[in-house]
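Please read all numbers here as calculations on a predicted model, not as lab measurements.
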Amino acid sequence: MPTILEVLTKENIVSQFDCSRLLPGINTTYYAKIDPPEEWESWKDFTYKNLTSACKTKLSERYKGESLPKFLREDIEIYNEDTLEHDFTRLALPTVNWALSQTKYRPHYGRGSRAYLLGSGKEPDWSLVTPYRTSEDGSYLNCFPGDTKLSTKWYPELFSINKVE
């Protein structure tokens, strides 16, 4: 039986997604009432080596989750952000979420529709939730909102971003 680290780092279904049918277009923009940070600071210690070292005990445990679902060629054809989000949720996230469920706060990564951002009334594409962080009415608070951007919609300036960070 493989370790959690072996399962999380082996080649997975995402690398097999067929993106040949994607059409270029403009990015959708999401506006939330979140104050941006005043400045960014590089976190040089945020590396794969340090993260795996800090989580070594948990990552070396045996993976006891389900095996990856079987898929057809049509299951991995990506046409737009919605098909990507659907396939990613169904084919890749179960393994990640099983590993996350083994941690203290049991975070769960999934679609943003289950956790609105406070003060915005809108939903991002993705959410990270935990039963330990909920609103007064018991609904999840989005601890880590995310937005899907397809490579066909990226701006050329993105190539100049420091990929090491």
Side-chain angles (χ1 to χ4, degrees), residues 1-19 21-23 25 27-37 43 46 48 51-52 54-55 57-59 61-154 158 165:
M1 186 175 285
T3 66
I4 293 173
L5 179 62
E6 289 168 342
V7 172
L8 290 173
T9 57
K10 74 177 185 175
E11 183 177 3
N12 61 43
I13 188 66
V14 175
S15 65
Q16 299 176 45
F17 282 178
D18 175 7
C19 298
R21 293 170 176 79
L22 285 174
L23 298 173
N27 273 324
T28 55
T29 305
Y30 176 75
Y31 295 100
K33 296 177 181 178
I34 300 174
D35 293 329
W43 188 2
F46 191 75
Y48 177 80
L51 288 173
T52 53
C55 303
T57 301
K58 186 55 74 177
L59 290 171
E61 291 178 8
R62 295 289 165 208
Y63 176 74
K64 298 174 189 166
E66 298 293 321
S67 61
L68 292 177
K70 303 293 182 211
F71 61 91
L72 302 172
R73 182 182 55 80
E74 293 84 0
D75 289 329
I76 59 172
E77 293 174 346
I78 307 299
Y79 292 89
N80 53 33
E81 290 177 359
D82 185 57
T83 57
L84 174 68
E85 292 167 8
H86 173 77
D87 289 348
F88 191 71
T89 302
R90 189 171 71 88
L91 300 172
L93 282 185
T95 303
V96 171
N97 281 325
W98 184 89
L100 290 172
S101 75
Q102 304 306 297
T103 65
K104 180 179 178 180
Y105 294 107
R106 297 188 348 254
H108 188 274
Y109 199 64
R111 300 297 290 265
S113 57
R114 65 185 173 169
Y116 288 92
L117 290 176
L118 288 179
S120 73
K122 297 185 179 187
E123 62 186 58
D125 294 332
W126 299 103
S127 64
L128 181 83
V129 299
T130 172
Y132 297 96
R133 186 158 156 72
T134 59
S135 65
E136 290 178 6
D137 68 2
S139 59
Y140 288 122
L141 296 177
N142 195 339
C143 301
F144 193 68
D147 195 44
T148 303
K149 292 294 175 232
L150 301 172
S151 63
T152 57
K153 293 185 174 186
W154 287 357
L158 292 176
E165 293 180 12

[X] [atom1] to [Y] [atom2] distance, which is reported to the nearest 0.5 Å:
{"X": "Thr52", "Y": "Leu5", "atom1": "OG1", "atom2": "CG", "value": "6.5 Å"}
{"X": "Glu77", "Y": "Leu72", "atom1": "CD", "atom2": "CG", "value": "10.0 Å"}
{"X": "Thr3", "Y": "Glu6", "atom1": "OG1", "atom2": "CD", "value": "3.5 Å"}
{"X": "Arg62", "Y": "Ile4", "atom1": "CZ", "atom2": "CD1", "value": "10.0 Å"}
{"X": "Asp87", "Y": "Asp75", "atom1": "CG", "atom2": "CG", "value": "6.5 Å"}
{"X": "Asp82", "Y": "Asp125", "atom1": "CG", "atom2": "CG", "value": "9.5 Å"}

Response to the item:
Taken in chain and number order and not counting sequence neighbours, the residues that satisfy side-chain contact (heavy atoms from CB on, under 4.5 Å) with Asn97 are Leu93, Leu100, His108, Tyr109
Discussion item. Could you check whether atom CD of Glu66 has more than 12 heavy atoms from other residues, nucleotides or ligands sitting under 6.0 Å from it?
Written reply: no
Worksheet item: Side chains of Arg111 and Thr89: donor-acceptor distance under 3.5 Å anywhere?
Response: no
Indicate the atoms forming the closest heavy-atom contact of [X] with [Y], along with that distance.
{"X": "Pro2", "Y": "Val7", "result": "CG-CG2, 3.6 Å"}
{"X": "Arg114", "Y": "Gly110", "result": "NH2-N, 2.8 Å"}
{"X": "Pro124", "Y": "Gly146", "result": "CB-O, 3.5 Å"}
{"X": "Val129", "Y": "Ala115", "result": "CG1-CB, 3.7 Å"}
{"X": "Arg106", "Y": "Tyr132", "result": "NH1-OH, 3.6 Å"}

Do any N or O atoms from the side chain of [X] and from the backbone of [Y] form a donor-acceptor pair under 3.5 angstrom?
{"X": "Thr130", "Y": "Tyr105", "answer": "yes"}
{"X": "Thr134", "Y": "Pro131", "answer": "no"}
{"X": "Lys58", "Y": "Thr103", "answer": "no"}

Practice prompt. Please examine the side chains of Tyr63 and Leu8, heavy atoms only from C-beta on, and report whether any two atoms are closer than 4.5 Å.
Written response: no
